[in-house]
Amino acid sequence: MAELKHRAERSPEFRVRGMSVAITRSQQQNALICQKFWRTFNAELAASRLTQENDWRKFAITYPHEGTHRYFCGIPDDPTRAMPDLFGTFTVPAADYLVFHHEGSMAGLGSTLSAIYRQILPQLDVAPTHESLFHFEKYDQRFHWNRADSVIEIWVPIVR
């Protein structure tokens with residue numbers, strides 16, 4: 001695997017609206033669950049006519065919940081837009097984050113996450129904090145499904 005680009009960044013608190021699903025501790029199972037869930041979420045966006053135009057952003061948040069893990073797909077909260085009743089809200093906390101770039105197809109995302117948690121974070125002088133979320137993925141106009149030039153940002157909250 002090529003060296004993962006990353007940077008340290010402070011993010012203010014922000015809210016996203018969307019849907020969540022239970023996931024497991026198996027990366028292989030979660031890849032299938034999340035892929036299917038994205039299709040469900042995107043279909044709900046389309047049915048609700050929630051397009052985002054050119055400067056679009058979507059988020060995937062992996063977080064602990066009552067002894068389990070959940071995966072939340074969402075778009076930035078916009079109080080001026082009507083949201084489907086089934087959409088919940090997730091507040092991403094203000095924190096210091098390490099921001100990694102996954103470059104390439106979705107098939108390599110699991111390897112990128114493994115490298116972040118098993119290799120890179122242990123080598124750095126930081127520790128991830130998992131109080132309200134494990135990490136979030138930011139998808140924007142640089143994301144192109146399964147293309148080599150696709151970019152996804154992975155934001156890991158840290159304690160310095």
Under a 4.5 Å side-chain heavy-atom rule over Ile, Leu, Val, Met, Phe, Trp and Tyr, are [X] and [Y] clustered together?
X      : Y      : value
Ile75  : Phe143 : yes
Tyr139 : Val21  : yes
Leu109 : Ile120 : yes
Val99  : Ile152 : no
Leu45  : Phe37  : yes

Indicate the atoms forming the closest heavy-atom contact of [X] with [Y], along with that distance.
X      : Y      : value
Ser114 : Gln27  : OG-NE2, 3.4 Å
Leu50  : Pro84  : CD1-CD, 3.7 Å
Ile23  : Cys34  : CG2-SG, 4.2 Å
Tyr63  : Ser132 : CB-O, 3.4 Å
Pro128 : Val156 : CB-CG1, 4.0 Å
Leu4   : Ala115 : CD1-CB, 4.2 Å

Within the 6.0 Å centroid threshold, strictly below: [X] and [Y]:
X      : Y      : value
Phe59  : Phe90  : no
Phe87  : Phe41  : yes
Phe100 : His135 : no

[atom1]-[atom2] distance between [X] and [Y], expressed to the nearest 0.5 angstrom:
X      : Y      : atom1 : atom2 : value
Thr112 : Tyr117 : OG1   : OH    : 12.5 Å
Ile154 : Leu98  : CD1   : CG    : 12.0 Å
Leu113 : Glu137 : CG    : CD    : 6.0 Å
His6   : Leu124 : NE2   : CG    : 5.0 Å
His102 : Ser150 : NE2   : OG    : 6.5 Å
Leu86  : Arg17  : CG    : CZ    : 10.0 Å

Yes or no on side-chain contact (heavy atoms from CB on, under 4.5 Å) for Trp38 and Tyr71, after CA distance, side-chain angles and deciding distance?
CA-CA 10 Å; Trp38 269 110; Tyr71 186 76; 2.8 Å; yes
Would you say that more than 12 heavy atoms from the other residues, nucleotides or ligands in this model lie under 6.0 Å from the [atom1] of [X], or not?
X      : atom1 : value
Glu131 : CD    : no
Asp149 : CG    : yes
Arg7   : CZ    : yes

Taken in chain and number order and not counting sequence neighbours, the residues that satisfy ring-ring contact (aromatic ring centres under 6.0 Å, His included) with Tyr97 are Phe136, Trp155
The ring-ring contact (aromatic ring centres under 6.0 Å, His included) partners of His144 (sequence neighbours excluded) come to none
* Show the numbers, then the answer: is there a side-chain contact (heavy atoms from CB on, under 4.5 Å) between Asn42 and Lys58? => CA-CA 10 Å; Asn42 284 328; Lys58 293 180 182 176; 2.6 Å; yes
Checklist entry - Quick check: does any side chain N or O of Gln29 sit under 3.5 Å from a backbone N or O of Thr24, one acting as donor and the other as acceptor? => result no
So that I can tick it off, tell me whether Arg57 and Glu153 are bridged by a salt bridge, with the cut-off set at under 4.0 angstrom between side-chain N and carboxylate O. no
Does any non-hydrogen side-chain atom of [Y] lie less than 4.5 Å from one of [X]?
X      : Y      : answer
His101 : Arg142 : yes
His69  : Asn30  : no
Thr91  : Asp77  : no

Sorted by chain and residue number, the side-chain contact (heavy atoms from CB on, under 4.5 Å) partners of Ala94 (sequence neighbours excluded) come out as Arg10, Glu13
